[in-house]
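All chains are named by letter (A, B, ...) in the order of the sequence lines, taking the proteins before the strands, and each is independently numbered beginning at 1. Below, all heavy atoms of this structure are taken into account, side chains as well, without hydrogens, waters or symmetry copies.
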Amino acid sequence: MEQRESVVARIDALRDTISDHNHRYYVLDAPTVSDAQYDALMRELQALEQAHPDLITPDSPTQRVGARPVAAFGSVRHAVAMLSLGNAFDDDEVLAFNRRVQDTLRGAGLLDADEEAEYQAEYKLDGLAISVRYEQGRLVQAATRGDGQTGEDVTSNIRTLRSLPLKLRGDYPDVLEVRGEVVMTRADFERLNEQQRERGEKVFVNPRNAAAGSLRQLDPRITAGRPLRFYAYGWGELSGQVPDFETHSGVLDWLATLGFPVSPDREVLRGVDQLLDYYHRTGQRRDSLPFEIDGVVYKVNALQAQDVLGYVARAPRFALAHKYPAQEETTVLLDIEVQVGRTGAITPVARLEPVFVGGVTVTNATLHNEDEIRRKDVRIGDTVTVRRAGDVIPEVVGPIPDLRPADAREFVMPVSCPVCGSAIERPEDEAIARCTGGLFCAAQRKQSLLHAVGRKALDIDGLGEKLIEQLVDSGRVRSLADLFTLTVDELSRLERMGPKSAANLVAALDKARTPSLEQLLFALGIRHVGETTARALALHFGSLQAVMDADEDALLAVPDVGPVVAASIARFFAEPHNREVIDALGQQGVRAREVEIRSDQRALPLTGKTVVLTGTLPEWTREEASRHVLAAGGKVSGSVSRKTSYVVAGDAAGSKLTRAQELGVPVLDEAGLKALLGMQE
DNA sequence: GATCCTCGAGTTCC
DNA sequence: CTCGAGGATC
């Protein structure tokens with residue numbers, strides 16, 4: 001018995017010592033023992049626990065790596081929602097934010113007329129947002145941000161992060177949810193990739209992806225081997241014995257005393273000038289920081305003031321993320337080639353020396369049109385600056401004139417189509433040059449077919465670019481109607497087509513024989529007739545025959561159809577070839593469904609309203625949401641204006657949300673939209 | 001005739 | 001997302 005007591009005491013002592021060393025190493029960054037000494041302590045503890053398995057507790061440092069793999073992550077509902085932040089990209093937006101904050105606080109008597117608001121500024125780390133829950137001082141659950149309401153349960157993986165305490169130090173509250181960012185340092189990222197390369201495993205493109213990939217491992221033992229770090233920046237549920245806090249920075253200081261690493265280089269600042277100064281100072285050292293950041297965050301420091309400012313949609317009005325411009329890189333413009341679009345539009349595309357920008361390797365970038373190239377004055381052979389516009393689409397910003405080689409060539413628009421050889425023409429007053437080959441041009445034929453089978457048109461699954469390429473090049477498919485004559489037999493003989501995929505495709509084609517009239521009209525690819533105009537035509541005429549029979553005057557009666565569009569539609573249906581294709585489609589059993597004339601003509605909830613969707617909604621996809629809006633008689637538009645009735649903002653809402661706020665357009669979240677539609681759960 | 005609002009079209013990477 | 005351009009509105 002006596003011996004057992006001494007074992008218990010030794011185990012406790014070892015656990016305390018080890019977690020103390022973890023804290024010194026990962027949080028204070030000031031280790032007091034060597035790695036070997038640390039390992040020796042760990043091994044001793046493991047040996048004792050193995051000899052006395054009944055003494056193992058979940059918060060023992062040995063248990064960080066013990067958990068078994070799981071089949072899938074469970075989901076966790078956040079007790080307090082994890083919000084997103086409003087964004088600013090330039091100083092003016094920060095000034096506007098500060099003005100709003102100060103006006104509101106002065107109105108509430110929290111700020112004197114001549115007093116400047118106090119903020120806490122911190123880095124916006126580029127990693128994954130995580131919420132970690134402690135009950136009675138013990139780590140019980142960790143979840144990703146997910147949509148802000150519900151995230152994935154990553155408890156076993158988070159437990160392996162040595163920088164996070166399994167057990168809190170000091171006086172802890174009953175319940176504490178810590179919010180922070182899981183990141184990988186640049187150095188750790190390089191080391192990990194080297195290791196991955198040696199083992200012949202996949203390397204990660206950037207620290208953020210490496211952190212995300214490591215945390216989303218189903219096997220926590222893999223996560224345990226990855227060098228992840230956690231930095232706290234906020235909190236969710238907090239109850240029990242908690243000090244009486246007045247400021248945001250005060251809470252973070254307190255979190256540090258409980259054993260959490262908090263974001264380094266935080267500063268409490270007063271007034272907007274200091275914020276901008278912090279932003280620019282940080283920008284200068286951005287590249288020398290140990291981890292990647294994509295901006296800085298300003299938060300109104302006084303908690304009472306935060307309460308007064310409140311929230312709009314899902315973003316707090318008391319905080320702002322001030323982002324740095326999309327990362328730019330330079331590379332060499334190897335060549336400018338042209339692509340032929342569905343309408344014959346000739347688009348110059350820059351072929352670039354592969355360059356790593358903003359997390360991906362870019363080799364192509366659109367140059368839009370001739371004027372654009374001239375405006376930017378880029379020439380083949382130039383060293384150019386490339387950035388990812390809106391963080392997605394690569395864009396050539398411009399040349400670096402000093403590095404222009406003597407033999408740099410200007411781009412010359414070809415006079416004939418590179419695909420079919422037809423003349424390329426550019427109308428006097430237009431920006432776009434076009435191939436005049438029409439459907440004689442294989443490129444245009446392929447693109448038209450791709451358009452027709454697209455999701456918003458006939459929605460035929462399993463018919464991609466490669467397949468269309470084969471079918472058109474072999475001459476087997478010349479028009480949309482030909483697609484419907486394909487058989488399982490001949491399809492399975494094509495490259496990369498098994499009997500299974502062939503059968504699936506034929507089934508998909510079969511399903512596509514009864515599109516709605518608007519889908520069919522859109523699929524035809526009439527110039528100037530997109531999704532919206534197709535719908536307007538369908539609703540106005542009710543049948544394909546009626547649209548075909550309509551003359552220009554009749555077409556002009558359709559809302560949003562003017563002379564240019566009317567002429568384009570009339571011209572399309574006057575073309576014998578197009579009529580033949582429509583006849584052939586009919587023979588293949590392709591017929592638009594009857595247009596449902598709404599029996600209930602009473603006002604629907606959204607009649608006459610225009611709704612703009614932005615960001616990711618928690619439950620609905622963008623398409624689902626717009627279907628619901630349309631069904632309720634509303635219109636969905638892509639840009640916010642004074643005429644917009646509502647902006648429905650989801651997660652990561654960007655410029656549209658900002659614009660809505662500027663124009664004073666009401667902003668709803670998904671629940672608000674559902675309420676409007678009368679679908680309140 | 002000018003201005004504002006929308007729609008259409010094209011696009012990258014994995 | 002961005003640009004260009006058609007349509008509506010004043």
Nearest listed nucleotide, side chain of A:Asn369, among B:dG10, C:dG4, B:dG8: C:dG4
OP1 or OP2 of [N] sitting under 4.0 Å from any side-chain N/O of [X]?
X        : N      : answer
A:Arg527 : B:dG8  : no
A:Thr532 : B:dG8  : yes
A:Thr343 : B:dG8  : no
A:Thr533 : B:dG8  : yes
A:Gln339 : B:dG10 : no

Would you mind reading off the distance between [X] atom [atom1] and [N] atom [atom2], rounded to a whole angstrom?
X        : N      : atom1 : atom2 : value
A:Leu367 : C:dT2  : CG    : P     : 16 Å
A:Arg535 : B:dG8  : CZ    : P     : 9 Å
A:Arg351 : B:dT11 : CZ    : P     : 10 Å
A:Gln447 : B:dA9  : CD    : P     : 13 Å
A:Asn364 : B:dT11 : CG    : P     : 11 Å
A:Leu524 : B:dA9  : CG    : P     : 13 Å
A:Ile432 : C:dC3  : CD1   : P     : 12 Å
A:Glu531 : B:dG10 : CD    : P     : 15 Å

Taking atom [atom1] of [X] as the centre, does the number of heavy atoms from other residues, nucleotides or ligands within less than 6.0 Å exceed 12?
X        : atom1 : answer
A:Glu430 : CD    : yes
A:Arg579 : CZ    : yes
A:Arg478 : CZ    : no

Let me confirm one number: the CD1-OG distance from A:Ile346 to A:Ser416, rounded to the nearest 0.5 Å. 9.5 Å
To the nearest 0.5 Å, what is the distance between CG (A:Leu521) and CE (A:Met548)? 10.5 Å
For A:Phe291, the ring-ring contact (aromatic ring centres under 6.0 Å, His included) test, sequence neighbours excluded, returns A:Tyr231
Quick one: label A:Glu372 by what it contacts on the DNA or RNA (base, sugar-phosphate, nothing), any heavy atom closer than 4.0 Å. nothing
With sugar-phosphate meaning primed atoms plus P, OP1 and OP2, does A:His528 contact a base, only sugar-phosphate, or nothing at under 4.0 Å between heavy atoms? sugar-phosphate
List for me each residue that meets side chain to side chain contact (heavy atoms under 4.5 Å, CB included) alongside A:Ile432, sequence neighbours excluded, and say none if there are none. A:Ala345, A:Arg434
Which residues in residues 551-565 of chain A have a heavy atom closer than 4.0 Å to any atom of DNA chain C? A:Asp560, A:Val561, A:Gly562, A:Pro563, A:Val564, A:Val565
